[in-house]
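The next block holds one structure in the form of structure tokens; read it before the comments.
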Amino acid sequence: MKYDFKAIEGKWQKAWEEKGAFHAKNDYTLPKFYALVEFPYPSGQGLHVGHPRSYTALDVVSRKKRMQGYNVLYPMGWDAFGLPTENFAIKNKIHPKIVTENNVARFKSQLMSLGLSFDWSREINTTDEGYYKWTQWIFLQLFKKGLAYKSKMAVNWCTSCKCVLANEEVVNGVCERCGSEVVRREKSQWMLKITAYAQRLIDDLQLVDFIDRVKVQQTNWIGRSEGAEVDFDTTAGDILTVYTTRPDTLFGATYMVISPEHPIIEKWADKISNMDEVKAYQVEASKKSDFERTELADKKEKTGVEIKGVRAYNPVNGKEIPIFISDYVLITYGTGAIMAVPAHDTRDWDFAKKFNLPIIEVVAGGNVQEEAFTDVATGIMVNSDFLNGLEVADAKVKITEFLTENNKGHKKVNFKLRDWVFSRQRYWGEPIPLINCEKCGWVAVPEESLPLTLPEVPSYEPGADGESPLASLDSWVKCTCPQCGGPAERETDTMPQWAGSSWYFLRYCDANNPDALASKEALDYWMPVDWYNGGMEHTTLHLLYSRFWSKFLYDEGILSNPEPYAKRTSHGMILGENGEKMSKSRGNVVNPDDIINEYGADTMRLYEMFIGDFEKAAPWSSQGIKGCKRFLDRFSAMCDLAKGNGVTECLESSFHKTIKKVTEDIDNLKANTAIAAMMALINEVYDAGTLTMDELATFTRLLCPFAPHLAEEVWSEVLHMDGFCSLAQWPEYDESKTVDATIEVAVQICGKLKGTMNFAADADKDTMLAAVKADERFAKLIDGKTIVKEIVVPGRLINIVVK
RNA sequence: GCCGGUGUGGUGGAAUGGCAGACGCGACGGACUCAAAAUCCGUUGGUAGCGAUACCGUGUGGGUUCAAGUCCCACCACCGGCACCA
């Protein structure tokens with residue numbers, strides 16, 4: 001058969017679409033399989049060759065599952081709110097909606113041309129009113145449960161763009177867009193209380209099959225630590241509470257440090273004798289950019305000012321100790337105050353050296369005048385009164401009991417995870433559906449009036465003071481309070497891009513439902529997602545946010561499972577031909593359209609699956625792809641060899657082995673070795689010079705998930721089968737026929753390979769050993785020596801150890 | 001600094017503790033061709049040898065084992081994440 005991929009691919013893509021071949025069925029009695037890939041942000045650049053790696057991998061899995069009889073949901077959509085679209089709109093004076101429509105159209109036609117088996121009847125777009133209605137609805141449920149709150153907090157402020165930046169928009173302390181300095185600025189922001197779910201987000205990782213590095217990264221990001229809060233009395237009369245993971249070292253606390261932003265400073269203002277100095281330090285700290293702070297941290301150069309006029313008492317021995325302010329203590333973690341134990345903490349040690357503060361050893365084992373001794377595993381307590389002689393772990397327990405009994409502290413768990421800053425002063429996002437009333441405070445927009453649609457504005461640019469473009473629109477801002485009917489003002493901020501993607505996998509279950517985010521039946525049937533593949537870059541943001549929202553919806557009774565994804569895998573990047581990351585500036589970008597045009601979608605798919613270990617980065621090779629094209633050429637040429645029915649004797653076992661290998665490898669995300677097995681099989685067929693139509697039909701079905709267009713063409717035109725190959729039954733193998741009748745066994749003498757011998761598969765140990773000893777190649781190596789040990793590994797090797 | 005990961009021919013990469021280098025690319029030789037491309041057949045880890053064969057070989061150094069790319073210990077290099085989180 002001639003392989004005219006251009007004719008074939010268009011033909012079958014059209015046929016699949018017309019027949020709705022890949023639409024998931026709404027029959028909830030069937031066994032289901034929900035495969036999910038991260039929906040793309042439809043950028044102006046079009047599809048990158050990296051996108052199809054993930055999409056094809058789960059397309060292969062989905063196609064195989066479909067052939068195995070599962071009701072498969074493999075959906076696609078558009079995560080279309082976001083900055084680049086808005087920036088393009090500002091620059092070119094086009095409505096972001098139009099920009100989005102154009103980009104989506106381009107992306108969709110590119111995805112279509114890859115022959116991916118998406119269910120396009122469930123296509124979603126986060127910028128559709130019918131979609132973001134439910135994004136807003138979920139936000140309102142969070143608000144009603146007290147999980148959304150407005151708070152003044154320090155944000156990233158770009159001095160040039162005059163606007164607030166998200167953390168991910170700050171790269172190395174400068175603005176990602178313009179490269180200008182970013183400073184901290186207090187601003188009132190909507191926050192989501194993800195910290196309320198911190199413990200469950202860690203614990204429930206046990207329930208899911210995520211690759212290890214994802215679990216580890218999430219756990220580290222959430223950053224649980226166990227310790228104690230300790231109350232220090234002060235000469236000012238107030239109690240100063242600290243958090244520490246090392247309560248055992250309390251006797252070594254020789255001073256305290258509080259963050260420059262700590263509110264108690266204001267309270268003590270009239271008692272502090274060097275208030276000018278303290279104030280000056282506070283101002284300086286607030287001016288420091290992230291970049292400067294990190295740089296100083298690297299050099300471990302500590303700064304600070306002693307608070308004169310107020311001192312603290314160590315609760316275990318009543319000793320009076322000084323209090324400092326320093327920016328190495330963060331207001332956002334713990335209590336914003338620490339007890340400093342220079343002998344056993346490197347940061348405190350650096351600070352103590354610089355300010356000449358006493359260093360008292362309380363855990364033996366190091367030389368604390370030379371460096372901090374931080375090893376908790378081996379130390380024994382000293383200079384610690386009733387803790388002396390205890391091991392660190394025991395001392396922790398004992399001191400915590402002591403503090404609790406004496407009402408001076410208690411056990412405490414802390415997390416590094418912060419609440420989620422949820423507002424953006426931007427146009428192209430979901431409006432936050434809240435109204436501020438002087439009398440009633442923040443009031444939710446009534447649910448029945450959702451979606452709260454984005455209004456038309458004269459300009460998409462943020463205001464001079466970093467206000468959302470919506471703030472300049474009086475008709476938007478001025479409204480009436482839904483509660484009391486009095487005059488009120490609308491929230492003008494919009495949601496971050498992460499909002500729409502935090503629940504999109506739920507919408508696919510019932511994508512066109514106007515009455516709910518999805519019906520309960522659909523959610524109960526399809527959820528959780530059986531297999532979710534995506535990038536490592538989303539581990540601590542999207543993946544964590546969407547787990548949080550799912551847990552909330554579970555608590556609300558909307559979902560029946562606390563975890564949204566049963567399994568999570570991650571793909572490696574496709575690099576440029578030179579081994580570097582693909583980018584315009586490096587000039588190493590490969591355009592998928594060009595590849596499809598030159599080699600066809602099937603070759604493109606096959607190559608992306610064959611390129612290497614799926615989880616690792618791999619460089620593109622314009623030579624390598626030719627090998628995959630050659631394989632498909634050889635496959636279509638092989639069709640001409642097929643005649644008759646039944647089984648070709650010399651190929652039978654190879655076919656069974658290949659079916660087994662391909663079936664197992666697809667489930668284990670090892671498409672590369674599955675393809676290698678098929679290449680090996682085709683080589684064998686060519687050696688044999690013949691195969692039957694039945695065997696060709698088997699091979700065609702094996703190839704179908706990888707190169708579906710060619711498989712359909714052979715199925716229909718060579719094999720004359722009815723229906724789609726893509727929906728045909730997946731081939732099965734007979735385990736007994738995957739075993740060869742005779743097996744080549746390695747023969748070692750003293751662990752060194754000396755040759756091989758063939759044996760019947762069921763040959764017993766003694767027969768094999770006798771045969772080896774009778775073979776003159778090995779006999780001469782054994783003769784005259786004592787046999788120490790004989791090892792026989794059935795089907796693999798024989799090792800005779802002699803002396 | 002802390003937490004992960006990776007390291008195998010010229011190259012992308014295979015290898016439940018059991019014949020290292022499957023499969024592909026490239027290279028070399030041959031067939032076909034007026035010629036080239038394409039295709040087909042063969043060879044291809046290194047060193048020595050005409051050869052059978054021998055020795056060496058999975059980042060480095062040790063160890064466990066009849067047997068180590070794989071397990072253990074120490075180190076080196078690179079990649080990713082976090083980073084003054086008390």
Side-chain angles (χ1 to χ4, degrees), chain A residues 211-221 223-225 227 242-247 249 253 256-257 259 293-294 296-302 326-330 332-341 344-348 350-351 374 414-418 536-537 539-540 572-573 579 606-607 610-613 615-628 630-631 633-634 637 661 670 672-683 686-687 744-756 777 788-802:
Chain A
I211 49 171
D212 255 3
R213 54 200 171 119
V214 169
K215 288 192 184 184
V216 168
Q217 252 186 55
Q218 287 211 345
T219 308
N220 289 349
W221 181 264
R224 182 183 202 273
S225 79
V242 303
Y243 172 70
T244 177
T245 55
R246 294 295 306 275
T249 61
M256 296 180 83
V257 186
S259 153
R293 267 180 96 131
T294 330
L296 287 173
D298 275 349
K299 289 182 194 149
K300 294 209 156 71
E301 215 172 277
K302 298 283 184 281
S326 171
D327 64 2
Y328 85 88
V329 174
L330 309 174
T332 46
Y333 186 78
T335 63
I338 62 155
M339 64 177 211
V341 185
H344 304 289
D345 180 283
T346 48
R347 295 151 303 181
D348 297 344
D350 292 337
F351 192 87
T374 56
N414 258 321
F415 297 94
K416 287 187 198 172
L417 185 70
R418 308 287 158 78
M536 280 307 286
E537 70 275 20
T539 301
T540 51
M573 258 195 302
L606 200 68
Y607 177 61
F610 186 63
I611 193 165
D613 184 334
E615 296 203 340
K616 287 190 209 141
W620 184 267
S621 161
S622 49
Q623 288 297 333
I625 194 165
K626 289 182 184 166
C628 290
R630 211 169 281 162
F631 169 69
D633 284 335
R634 275 162 70 78
K661 179 82 179 145
K670 294 255 179 202
N672 53 335
T673 48
I675 294 166
M678 289 190 285
M679 288 173 167
L681 182 60
I682 212 171
N683 291 342
Y686 272 93
D687 286 346
E744 194 185 52
V745 172
V747 180
Q748 298 181 342
I749 307 294
C750 294
K752 290 234 173 200
L753 183 70
K754 294 297 172 185
T756 60
R777 285 178 299 166
V788 180
K789 204 165 189 177
E790 291 170 335
I791 293 130
V792 179
V793 183
R796 288 206 177 264
L797 121 171
I798 294 166
N799 185 11
I800 298 176
V801 186
V802 294

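We use all heavy atoms of the structure for the numbers below, so side chains are in, but hydrogens, waters and symmetry mates are not. Letters A, B, ... are given to chains in the order of the sequence lines, protein chains preceding strands, and every chain is numbered from 1.
- Looking at heavy-atom distances under 4.0 Å, Val801(A) makes contact with sugar-phosphate atoms alone, never a base.
- Of the listed nucleotides (C25(B), G24(B), G18(B)), C25(B) has the atom at the smallest distance from the side chain of Arg630(A).
- Counting any heavy atom pair closer than 4.0 Å across all strands shown, Thr756(A) reaches a base atom.
- Comparing G4(B), C23(B), C66(B) by their nearest atom to the side chain of Ala676(A) picks out C23(B).
- Distance noted for atom C1' between A27(B) and G63(B): 41 Å (whole Å).
- Across all strands shown, nothing is found opposite G69(B) as a Watson-Crick or G-U wobble partner with both distances under 3.5 Å.
- When heavy atoms are screened at a 4.0 angstrom cut-off, Arg224(A) is found touching no nucleic acid atom at all.
- Across every non-hydrogen atom of Ile338(A) and Val329(A), the tightest pair is CG1-CG2, 3.7 Å.
- In this structure, G42(B) and C28(B) make a Watson-Crick or G-U wobble pair, each of the two defining distances being under 3.5 angstrom.
- The base of C82(B) does not come close enough to the side chain of Lys416(A) for any donor and acceptor atom to sit less than 3.5 Å apart.
- As judged by a 4.0 angstrom heavy-atom cut-off over every strand, Asn672(A) is placed among residues touching the sugar-phosphate backbone only.
- In this entry C82(B) has G1(B) as its Watson-Crick or G-U wobble partner, both defining distances falling under 3.5 Å.
- At a threshold of 4.0 angstrom between heavy atoms, the contacts of Ser225(A) are confined to the sugar-phosphate backbone, with no base atom among them.
- The base of C19(B) is paired with the side chain of Glu744(A) by a donor and an acceptor separated by under 3.5 Å.
- For A14(B), there is no paired base (Watson-Crick or G-U wobble, both distances below 3.5 Å).
- At a threshold of 4.5 Å between non-hydrogen side-chain atoms, the residues Asn799(A) and Lys789(A) do not count as touching.
- Listed nucleotides: A86(B), U16(B), G13(B). Nearest to the side chain of Arg796(A): U16(B).
- The Met679(A) side chain lies nearest to G24(B) when the options are G24(B), C66(B), G13(B).
- Of the side-chain N and O atoms in Lys752(A), one or more sit less than 4.0 angstrom from OP1 or OP2 of C56(B).
- For Leu753(A) against Ala746(A), the heavy-atom pair with the smallest separation is CD1-CB, 3.8 Å.
- Comparing atom distances between the Ile338(A) side chain and each of A86(B), G7(B), C55(B) picks out A86(B) as nearest.
- Nearest-nucleotide positions on RNA chain B for Lys670(A) and Asn414(A) put Lys670(A) closer to the 5' end.
- Rounded to a whole angstrom, the distance from the C1' atom of U58(B) to that of G21(B) is 9 Å.
- Mapping Cys750(A) and Leu417(A) onto RNA chain B by nearest heavy atom places Cys750(A) at the nucleotide closer to the 5' end.
- Nearest nucleotide to the side chain of Asn799(A), out of G18(B), C3(B), U6(B): G18(B).
- Comparing atom distances between the Val329(A) side chain and each of C23(B), C84(B), A86(B) picks out A86(B) as nearest.
- Remark: A54(B) base-pairs with U47(B). Criterion, Watson-Crick or G-U wobble with two distances under 3.5 Å.
- Separating the P atom of G12(B) from that of C56(B) is a span of 27 Å, rounded to the nearest Å.
- Of the candidates A14(B), C40(B), G24(B), C40(B) carries the atom nearest the Arg634(A) side chain, counting heavy atoms from C-beta on.
- With a 3.5 Å ceiling on both atom-pair distances, the Watson-Crick or G-U wobble partner of G7(B) is C76(B).
- Atom P of G62(B) sits at a distance of 27 Å from the matching atom of G1(B), rounded to the whole Å.
- A22(B): no Watson-Crick or G-U partner with both key distances under 3.5 Å is found in any strand.
- Taking every side-chain heavy atom of Lys754(A) into account, C55(B) is the closest of G13(B), G26(B), C55(B).
- Out of C19(B), C23(B), C82(B), the shortest distance to the side chain of Ala680(A) is found at C23(B).
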